[in-house]
Amino acid sequence: MTENLVIVESPAKAKTIEKFLGKDFTVVSSFGHIRDLEKKGLGVEVDKGFTPVYEVPEEKKKVVNELRKLASQAKTVWIASDEDREGEAIAWHLISVLGLDPSSTRRIVFHEITKEAITNAVESPRQVDMNLVNAQQARRILDRLVGFEISPVLWKKVQPSLSAGRVQSVAVRLLVDREREIISFVSDSAFRVTGSFSGQNSEGTEVLLKAECPKKFSSEAEAKNFLVKCDTSSFTVENVVVKPGTRSPAPPFTTSTLQQEAYRKLGFSVAQTMSVAQKLYEAGKITYMRTDSTNLSSLALNTAREAVTGEYGAEYSRTRQFKTHSKGAQEAHEAIRPTYFDRKDTTGTANERKLYELIWRRAIASQMADARMEKTTITIGMSASPYNFTATGEVILFDGFLKVYTESYDSNAGEDDKSILPRVDKGMALTAGIINAVQRFTSPPPRYTEASLVKKLEELGIGRPSTYAPTISTIQSRGYVAREDRPGEKRTIAQLTLSRGKITRTEKVEIAGKEKSKLFPRDIGIIVNDFLIANFPDILDYNFTAGVEKEFDEIASGELEWDSMISGFYRPFHKTVDESLSNKARMTGARQLGNDPATGLPVMVKMSRFGPVVQVGEASPENKPRFANLRRDQLLETITLDEAMALFALPRVVGTFEESEMTVGLGKFGPYVKHDGKFYSLKKGVDDPYTITVERAAELIREKREGDKQKVISEFGDIRVLNGRYGPYIVHDKTNYRIPKGSDPQKLTREDCLAIIEKGSKTKSTRGGKKK
DNA sequence: CAGTGAGCGAGCTTCCGCTTGACTT
């Protein structure tokens, strides 16, 4: 018999709290929500005042039974779910599902896990706030209505199994809108002039400095003209301005900023960041990793101050509390921070150690003093031109928090050279060394990374810390967008150099548009996006969530009835759903490109059942059109007639080998040679399917055969011992079996193998069903 | 593993937010 039962959301939290509360309290976890709208069907009785139909999901039944048992044995039940909309709803569902008495069940909240906060909470219990619960129900119902009414429209009008939702559809829109900005971007170029200068300062020291002309010259002729002036000009130091400056540390991590920095500094995907953080949290090394708050508990502030003072000295310490600015923040938790500030590093996998250190540095730095610096700007005047050159430098006078942490930024522009400048005096004469004018192209807006998309969604108040990673994964698994690299294209840039009175012109090659791990919209994402914008512009509006959130807040404060809010939304919404269904047109993204120059047949691109294709000729009973798949880096929207026709160059016959034809093609898994019914992959970065020779193709076949020979260790009819990527293994009946340690694969007999198979098939549990 | 591309039309797909496992090579 338990005196007091406390229910929290997370099991790791339960463990910690139990320690603070002593033996009169048993603390257990609900593992998040325990009840949801029914899985099948709409889950909302629209005609009965939008009554939600709740059920306990199959995977939650065990937890619920356990909780019910414990609750019936306890004298007092305390519900300590998070202090936000979802937490309040969890409390209400718990009372209802566990059959608790609402008046005697105590609802408590704390947003930091410290003994003080918890004891305070226990001393001031309250009851469940039904207004807040209703705000959550409205949120849940709205999301279900939007998702489950629009998705079936897509199944009919675009393709089966597609999905739409308040969050995911806007995420895709951000990517499509950005892609179109990039498509329509016209690059411009200008010449940037930099030079080196030397002279003697008043101390008699020879100094050298590099400076840049702030004026950008839009044509090569203008740049050249300026260099001619430079040649005849004298240069003097016109001004030296020294300005003090300070820099302050960034706040400790929230989910979103952790994902951004882990991507930039460690190259983690958002999902990877969350799973590594989960491990650290479960081990008690960091506080909760799904949070939108930059707040730190007073305990954290105190221990951080001790750690900073101990490690770096009192002058490095500055206690700060940060305000949370992000839209829609509910601040149920603290910021992400190390549990113990005096632990600079940790044990575990390499990734766990790296992420821990990042979190530690960021949190510690947030409790450190500003950095102080001195910025110097030197202006160099010219006698022959009204333009000038400037050099900027920065000297750090006191490093402060920079000792521990510097924030990274997404930027494609090169960092400014912030070096230390030599001592120069106003009026000092300078001699120009080499002066360069280099052509610089403007760049289109950058594509989103997973992390920068999360940042944007957070700014718009769309999605929550617990859903950023799953949303990014959903839009990828639906095929709307893909994370990819692009090699970029070469382009020539001009450079003019003035040296010893002579101007020379050279050309250099640079790579433009190279992309690494960026999110690219795919054709199906673009088609769905356009369809949704045409039919549901309100929901696709970037401010839709902000608007409904405002209404949820009004429900929470009791100013608005949840059902009248839903009804106000649903009536016009459902009408558009019906209208878009009755409109017969299917969306295929079809586009006419012109006519095939060879045959005169019409050429079009469109989305087929299996992806984007080029089609030459019309389909009719007596005529089958020719088809070719688009490449991954091509879009229906931008492909040209020439590019489309070039796709028919493959597959092609390269020649014969051993009296059979060799065909080169582009398959799902890249370019290949097909010979005698077998496939041989071309070597990445070495072979090109369009130009590969007969000799090379034959060589690939021989190489593969040689490799396969070494692959087979021994063969006993239907049982084979093979060399694989992870070492030797046995294959029988399409199943792989590991060879036990200690046995020599070379010496295995058929009987040995059968024994291993027999044993293996007993131990092998569920061999994961069908995978998509 | 390297194809397919239309149509019969069964029965399936789908949302967002809260929380962890239990799985695989």
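Lettering follows sequence order; numbering is per chain, from 1. No hydrogens, no waters, no symmetry mates; every other heavy atom, side chains included, goes into these values.
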Any N or O donor-acceptor pair under 3.5 Å from the base of B/dC16 to the side chain of A/Arg139? yes
Look at the rings of A/His333 and A/Tyr288 and say which category their plane angle falls in: under 30° parallel, 30 to 60° tilted, over 60° perpendicular. tilted
A/His33 has its side chain closest, among B/dC18, B/dT19, B/dC15, to B/dC18
What are the residues of residues 82-93 of chain A, sorted by number, that bring a heavy atom to within less than 4.0 Å of DNA chain B? A/Asp82, A/Glu86
Got a list of side-chain donor-acceptor pairs under 3.5 Å for residues 606-616 of chain A, not counting sequence neighbours?
unit_1	atom_1	unit_2	atom_2	d
A/Lys606	NZ	A/Gln615	OE1	3.4
A/Ser608	OG	A/Phe610	N	3.1
A/Ser608	OG	A/Gly611	N	3.4
A/Ser608	OG	A/Gly611	O	2.7
A/Gln615	NE2	A/Gly617	O	3.0

Are any side-chain N or O atoms of A/Arg591 and backbone N or O atoms of A/Ile639, one a donor and one an acceptor, separated by less than 3.5 Å? yes
Given B/dC18, B/dT4, B/dT20, the nucleotide with the shortest approach to the side chain of A/Met289: B/dT20
Contact nearer the 5' end of DNA chain B, comparing A/Gly670 with A/Gly147: A/Gly670
For A/Ala329, is there any backbone N or O sitting under 3.5 Å from a side-chain donor or acceptor partner on A/Ser326? no
Measure from the side chain of A/Lys60, starting at C-beta and using heavy atoms only, and say which of B/dT19, B/dC16, B/dC15 lies closest. B/dT19
OP1, OP2 of B/dT19 versus side-chain N and O of A/Arg290: anything below 4.0 Å? yes
Indicate, with a heavy-atom threshold strictly under 4.0 Å, whether A/Gly165 touches base, sugar-phosphate, or nothing. sugar-phosphate
Distance test, side-chain N/O of A/Gln168 to OP1/OP2 of B/dC16, below 4.0 Å: yes
Between the main-chain N or O of A/Val653 and the side-chain N or O of A/Thr663, is there a donor-acceptor pair closer than 3.5 Å? no
Determine whether a donor-acceptor pair (N or O, by modelled atom type, separation under 3.5 Å) exists between the side chain of A/Gln136 and the backbone of A/Leu132. no
Side chain of A/Thr467, heavy atoms from C-beta onward: which of B/dC16, B/dT4, B/dT20 has the nearest atom to it? B/dC16
Any N or O donor-acceptor pair under 3.5 Å from the base of B/dG17 to the side chain of A/Asp36? no
When you measure from the side chain of A/Asn623 to the backbone N and O of A/Glu618, does any donor-acceptor pair fall under 3.5 Å? yes
B/dC15 pyrimidine/purine six-ring stacking with A/Phe148, under 5.5 Å and 30°: no
To the side chain of A/Arg166, which of B/dT4, B/dT19, B/dC16 is closest? B/dC16
Residue A/Ser151, side-chain heavy atoms: nucleotide from B/dG3, B/dC15, B/dT13 that is nearest: B/dC15
Going by modelled atom types, is there a donor-acceptor pair between the base of B/dC15 and the side chain of A/Arg140 at under 3.5 Å? yes
Base B/dT13 paired with A/Ser161 side chain (donor-acceptor, <3.5 Å): yes
Considering just the side-chain nitrogens and oxygens of A/Arg586, establish if one lies under 4.0 Å of OP1 or OP2 belonging to B/dA6. no
Under 4.0 Å, counting only non-hydrogen atoms across every strand here, what does A/Tyr288 touch: a base, just sugar-phosphate, or nothing? sugar-phosphate
Under 4.0 angstrom between A/Ser10 side-chain N/O and B/dT20 OP1 or OP2: yes
Residue set satisfying side-chain hydrogen bond (donor to acceptor under 3.5 Å, both in side chains) with A/Asp530, at least two apart, ordered chain then number -> A/Arg180
